[in-house]
Trainee: 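Quick one: this structure, given as structure tokens, is what I'll be asking you about.
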Amino acid sequence: TMWESFQDARPKLFKSFLTCCSYGGVSISSLLGAHQAATQGNTSVVGSTLIGMVNGMGGGTIRDLLILGPRQVYWIAKPSFAVASILSSLAGHYLWGKYLTKKPFNLTEKSRVVTLLQECSLGGCSYSGSAAALQLMQDGAPLDKQLLVGSLAAAFCATGGGQVRDYLIGKRQTALAYSKDGLSLLVPPIIGSLAAITMHPWASSLFPPEVRCAMAFASSITARRYLQ
């Protein structure tokens, strides 16, 4: 039946959804990072591309190095992430001001499409934090350690690249500043990660991973919209 076919395809659809969120997050972060480097840091195309890559992949790299080890860095295991980051950075340097902010795209840093992609990226950071914690759970780690590691993984993933970017272009550090913009970046992925972690012990036998992922995304996006 159609329902049985959906049930069989569900794991692949779930994996595809997470993959799309990962690529979308890397791409939009790289594009915005390169654009900011070009306009605020007055960098060349090489500098903009490097800073765009730092903004797009730096947070996940810090997360993987600290928690999973150098062999598990995601863009080394899957170089297509680096390719997406480079292409998006070039677009941010060359195309953002000339074409993407004009018709028919009309993109700005506050436009609905950009906001949606950023929210998906933060949701992905939430889920990655909870996934790191659940790995510890399988190894028998106590709950407090799981919550700490999950929070740190989500925070590094969401803000690590932006911190390095701001330092390189001489911009005030926003993600760690006690401000509305800083809190809207730092807090949502932590909340989403904690929600998924605390849900797991009693829901693991009741709900599939997709539901716990939805909990992480929903909590993260709700928190971000509340803080904005």
Trainee: Once rounded to the nearest 0.5 Å, what's the spacing between atom CG of Leu50 and atom OG1 of Thr43?
Mentor: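 So the CG of Leu50 and the OG1 of Thr43 are separated by 9.0 Å.
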Trainee: With side-chain hydrogen bond (donor to acceptor under 3.5 Å, both in side chains) as the criterion, how do Trp75 and Ser85 come out once you've worked through the C-alpha distance, each side chain's angles and the decisive distance to 0.1 Å?
Mentor: CA-CA 10 Å; Trp75 57 267; Ser85 180; over 6 Å; no
Trainee: For a 4.5 angstrom cut-off between non-hydrogen side-chain atoms, does Met53 reach Thr49?
Mentor: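 Yes - at least one pair of side-chain heavy atoms lies under 4.5 Å apart.
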Trainee: Any donor-acceptor pair under 3.5 Å linking the side chain of Asn55 with the backbone of Arg165?
Mentor: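 Such a contact is absent between Asn55 side chain and Arg165 backbone.
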Trainee: Within the distance-only criterion (no hydrogens, no angle test), does the side chain of Ser126 pair as donor or acceptor with the backbone N or O of Pro189 below 3.5 angstrom?
Mentor: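 Judged by distance alone, yes, a pair lies under 3.5 Å.
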Trainee: Using the rule that two of Ile, Leu, Val, Met, Phe, Trp, Tyr join whenever any of their side-chain heavy atoms come within less than 4.5 Å, decide whether Leu116 and Ile28 are in one cluster.
Mentor: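 In one cluster: no.
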Trainee: When hydrophobic residues are tied together by side-chain contacts of less than 4.5 Å, even through go-betweens, does Leu87 share a cluster with Val46?
Mentor: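 No; tracing contacts between hydrophobic side chains, which count when under 4.5 Å, never links both residues.
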Trainee: Rounded to the nearest 0.5 Å, what separates atom CE in Met57 from atom CD1 in Ile62?
Mentor: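 The CE atom of Met57 sits 12.0 Å away from the CD1 atom of Ile62.
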Trainee: Just wondering, do Glu119 and Phe217 contact through their side chains at under 4.5 Å, heavy atoms?
Mentor: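 The answer is no; the side chains never approach within 4.5 Å.
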Trainee: Measuring from atom CG of Leu152 to atom CG of Leu147, what distance do you get when rounded to the nearest 0.5 angstrom?
Mentor: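 Going from the CG atom of Leu152 to the CG atom of Leu147 covers 11.0 Å.
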Trainee: Roughly how far, to the nearest 0.5 Å, is CG of Leu31 from OG of Ser89?
Mentor: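 Answer for the OG-CG pair, Ser89 versus Leu31, is 7.5 Å.
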Trainee: Using modelled atom types and a 3.5 Å cut-off, is there a donor and acceptor pairing between side-chain atoms of Ser48 and backbone atoms of Ser44?
Mentor: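 Yes: the side chain of Ser48 pairs with the backbone of Ser44.
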Trainee: Do any side-chain atoms of residues 16-26 form donor-acceptor pairs under 3.5 angstrom with protein atoms, and if so which ones, sequence neighbours left out?
Mentor:
from	atom 1	to	atom 2	distance (Å)
Ser16	OG	Lys12	O	2.9
Thr19	OG1	Lys15	O	2.9
Ser22	OG	Leu18	O	2.9
Tyr23	OH	Ser80	OG	2.4

Trainee: Rounded to the nearest 0.5 Å, how far apart are OG of Ser151 and CZ of Phe156?
Mentor: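 Between atom OG of Ser151 and atom CZ of Phe156 there are 11.0 Å.
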Trainee: Calculate, to the nearest 0.5 Å, the distance between atoms OH and CD1 belonging to Tyr167 and Ile51 respectively.
Mentor: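 Answer for the OH-CD1 pair, Tyr167 versus Ile51, is 12.0 Å.
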Trainee: Are Val83 and Leu90 linked, directly or through other ILVMFWY residues, by side chains that come within less than 4.5 angstrom of each other?
Mentor: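 The answer is no; the residues belong to distinct hydrophobic clusters.
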Trainee: Between Arg63 and Tyr74, which heavy-atom pair has the shortest distance, and what is it?
Mentor: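 Of all heavy-atom pairs spanning Arg63 and Tyr74, the closest is NH2-CD2, 3.8 Å.
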Trainee: State, yes or no, whether a side-chain contact exists between His35 and His93 at a heavy-atom distance under 4.5 Å.
Mentor: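 Side-chain contact under 4.5 Å: no.
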Trainee: Would you say Ser193's side chain and Ala154's backbone share a donor-acceptor pair under 3.5 angstrom?
Mentor: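 Here the side-chain-to-backbone pair does not exist.
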Trainee: What about Leu32 and Leu95, same hydrophobic cluster or not, with Ile/Leu/Val/Met/Phe/Trp/Tyr joined at side-chain heavy-atom distances under 4.5 Å?
Mentor: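 Linked, Leu32 and Leu95 end up in one cluster.
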Trainee: Would you mind reporting whether Ile221 and Pro188 have side-chain heavy atoms less than 4.5 Å apart?
Mentor: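 Contact flag for Pro188/Ile221 side chains = no.
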Trainee: Side chains of Leu185 and Arg224: closer than 4.5 Å at any heavy-atom pair?
Mentor: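 A side-chain contact under 4.5 Å exists here.
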Trainee: Grab the two heavy atoms, one from Ser184 and one from Leu122, that are nearest each other, plus how far apart they are.
Mentor: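 Taking every non-hydrogen atom into account, O-CD1, 3.9 Å.
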